[in-house]
Amino acid sequence: MNSKNEPLFNIVRRDDMNRRKAWCIRGLAIVIALLLCAVITMVVTGDNPISVYASMINGAFGSARKSWVTFQNLAILLIISLALTPAFRMRFWNCGGEGQVLIGGLAAAACMINLNDKLPNWLLIIVMTLASISVGALWAFIPAICKAKWNTNETLSTLMMNYIATQLVAYYVVCWESPKGSGKIGIINQNSNIGWFPELGNKYLLSIVIAIVITVFLYLYIYYSKHGYEICVVGESENTARYVGINVEKVIVRTMILSGALCGVAGLLLVAGINHTITTTIAGGQGFTAIMVSWLAKFNPLTMIFTSFLIIFLERGAGEIATVFGLNQSFSDIITGIILFFIIGCEFFINYRILFRKSKKTAVPTVGKEDE
Amino acid sequence: MQKETAISIRGLSKSFGKVKANENIDLDLYKGEILALLGENGSGKTTLMNMLAGIYYPDKGSISVNGRTVNIRSPKDAFELGIGMVHQHFKLVDVLTAAENIILGEEGKLNIKEANEKIKAICDKYGFEVDPSKKIYSMSVSEKQTVEIVKVLYRGADILILDEPTAVLTPQETEKLFQVMRNMKEDGKAIIIITHKLNEVKAISDRVVVLRQGTYIGDIITEMSDEREMTDMMVGRKVVLNIERPLPVSPTPRIIVDKLNIKDVNGIYKIKDVSFEVNSGEILGIAGISGCGQKELLEAIAGLRKVESGSIRYIDEKGDAEELIGLDPRKINDMGVALSFVPEDRLGMGLVGNMDITDNMMLRSFRQGGSPFTDRKGPQELASNVVEELEVVTPGIDTPVRKLSGGNVQKVLVGREIARAPKVLMTAYAVRGLDINSAYTIYDLINNQKKKGVAVMFVGEDLDVLLQISDRILVLCDGMVSGILDGRTAAKNEVGMLMTRLGGKADE
């Protein structure tokens, strides 16, 4: 024990990596992930990995309709992710996206069902929009005010609001079921199309346009507005915020209202623009997927376009594999899991580098090893 | 006395990215010696010590302990070699007791009773006072530090590294610590102490090693040197160690505090019946042991703390008075009352670590103008000016503040507050943790404000500095005014007496 060997490797924090190199590492991680998926596909199913990947791309972009659906799904996920982002930048962990989307959708459905013969169509659409936005905002406001006034844990309260929203939708589905006894609502106003959002060229484009508008708006809001600046200060240090006279409670509530309102927009689009019905699973867990999308993008709205694209592409591609090759849905989940693992794991190599024992001789080693 | 080497470092280097924190350092430490490690902020002292403690692994060079070359790969290796480090930020588990923290990580059976006895033996031997069953969260800073030191000794360390141990202590506590250190030295232990306070270096160390910008400059026997020589070695050029104190020019009252009472959340008086005034063009030093209410007083004036009763009036240049109590902190700041408070962690109040210098400058001014968007032009200019005028060492104004060294962080904070051309400047612990050169830059800044006619309130922990810079000294004791002295004639022991006992005497 008199002298220990020098460790085989040691982990050193990187100072700052330039952006290009960081993206190279991320790209490399995806390539390695795809190779590993290919190997697993071959071993497990005996299928040719190239054709598996081809069918993934086919699943997402195989036809004009498939491409449009992909972009529409992308738009919805992007809107929800963007909605969560201001709250996350404030270190307010809004896990209630799911519930805020659902309740926004429920508000829209309620207007469509109950006001269809009372208001002209254009007015109904305005009322629906306002209703969805304000109910979504209300769903976020409740946890926010509790946090601001009594410092309750926002993760718990937002999660619990999700359950309330789900149960409310379940209740109203029974109230409004049509035909009676079917246990579901079916397409609302199928013949009159009252309360349906107008098509913009085709039925997919509207959500996409709204997503683009919200992306630009949030980008400016977060990086260039006074509100965005306040959000950042509150998130980084509440003490500093109070010290310079920022009203922390007000910022928390205001930001969460924005967050919930945007979730409400997503619910509105799902009901009035896309599905024209409501079920308890209409949000499809996207309120939670959006948390990951937002984190992966490091809360940058522009990067979020790519991260939500990645998730949607994997989802649609993996679904296609499952049907084409007769594998069950679990297999596509495995592939999605592997790819996400590599993408998240590679951040380690962006923040740290590993020096091996032999690197002692080299003067100043600048290149880290990126093997997995 | 024959010298036996405890640690011998040869050619040690460590870099972080492009920054060379340590380059080719040689250093020897002998048994039964207290070695002071001196250097400006960011000169690599802590990095070097962390390599001895097994937290960092050196890029190059060798370390020998007791004559044997060793590889210290983890804090555990360091413990096995008898090296123990007490860090600047305590590494204790709040909800555990002192004894539980001390034995934490030990292998084998948990035997609290045996541990308690061993802890008691260590305390008796060196003169510590520790209650092994006391929970960490209910301890004062100095108690926590004692636990850290006992923890290290419990594990059998005979080489101790103390990283700025006195930064958080009162003068009395420091003296107690020094006595313990002397006892340990008698016992043959080797001790390295990092401190910025040169009078402490003089008081406690046998030898001084100076680092500058990551390189070894030299060592001197403490007895054969003086503060001037040490500073010159540290900074690398001649520095003037004088704080000027010009006479106040036509002082008129700016802030009048009358019968102020402040209670904390538990309903205990933090400030009781405090009355005083602050004049323009003068520096009012506020002295008192930690927790005597200075913080609460300043926060109340800045509008950040609720007041029980009393009044705080601000008198503007025209002589019009306005009551500050009940006003919004922002409004008070807009009236020209600035507070720059440097808390223990340096960043917690006033700056945002992850934001760059420009965005931190904007904290005060971002609300200006009716546009919903922020204007970064002005803050950018301000940031460049502050960086230039105060000689902030930074790669650029878009560098996150947390990446700057302590002194530079404080320059940014003080620079921003001064740039608002305040009428009243309150500064608390402005030089906390700063090396001597940066500290004097800050004193100059404050003096410049005084010359411009600003009323300055200066809370500091260093009594010597307080006596040198203040025109008048307000001494607080237990939330009450213990005395107001003339800074030019006050004696140090007089202030010390007033700090610990109301009125300096035993009367009520």
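Labels below follow one simple rule: chain letters A, B, ... track the order of the sequence lines, proteins then strands, and each chain is numbered from 1.
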Checklist entry - For atom CD of A/Glu249, is the number of surrounding heavy atoms from other residues, nucleotides or ligands below 6.0 Å larger than 12? => result yes
Next on the checklist: My understanding is that only residues two or more places apart in sequence, or in another chain, count here; which of them pass side-chain contact (heavy atoms from CB on, under 4.5 Å) with B/Ala419?
Outcome noted: B/Leu382
Kindly list each side-chain donor-acceptor pair under 3.5 angstrom involving residues 141-150 of chain A, sequence neighbours excluded, with atom names and distances?
residue: A/Lys147; atom: NZ; partner: A/Glu154; partner atom: OE1; Å: 3.0

Checklist entry - Contact part of B/Arg416 toward chain A, heavy-atom cut-off under 4.5 Å: side chain, backbone, both or neither? => result side chain
Item to check | Euclidean distance, A/Tyr243 OH relative to B/Arg364 CZ, rounded to 0.5 Å | outcome: 5.0 Å
Checklist entry - Would the number of heavy atoms belonging to other residues, nucleotides or ligands and lying under 6.0 Å from CH2 of A/Trp295 be above 12? => result no
Checklist entry - Does any heavy atom of chain A fall under 4.5 Å from the side chain of B/Gln368, the backbone, both, or neither of them? => result backbone
Checklist entry - Side chains of A/Val244 and B/Met362: does their closest heavy-atom pair fall under 4.5 Å? => result no
Checklist entry - Among residues 212-226 of chain A, which ones touch chain B with a heavy-atom distance under 4.5 Å? => result A/Leu220, A/Tyr223, A/Tyr224, A/Ser225, A/Lys226
Item to check | B/Asn333, part contacting chain A, at a heavy-atom distance under 4.5 Å | outcome: neither
Checklist outcome for this item: Heaviest contributor of heavy-atom pairs below 4.5 Å to chain A, chosen from B/Asn354, B/Leu304, B/Ile72, B/Leu363, is B/Leu363
Checklist entry - Restricting to pairs with a member in residues 132-144 of chain A, which pass side-chain hydrogen bond (donor to acceptor under 3.5 Å, both in side chains), not counting sequence neighbours? => result none
Checklist entry - Contact part of B/Arg376 toward chain A, heavy-atom cut-off under 4.5 Å: side chain, backbone, both or neither? => result side chain
Item to check | Which portion of B/Asp359 sits near chain A, non-hydrogen atoms under 4.5 angstrom | outcome: both
Checklist outcome for this item: Highest number of heavy-atom pairs under 4.5 Å with chain A among B/Pro372, B/Ser74, B/Gly303, B/Pro329 belongs to B/Pro372
Item to check | Reported OG1-to-CD distance for the pair B/Thr374 and A/Glu230, which is rounded to 0.5 angstrom | outcome: 11.0 Å
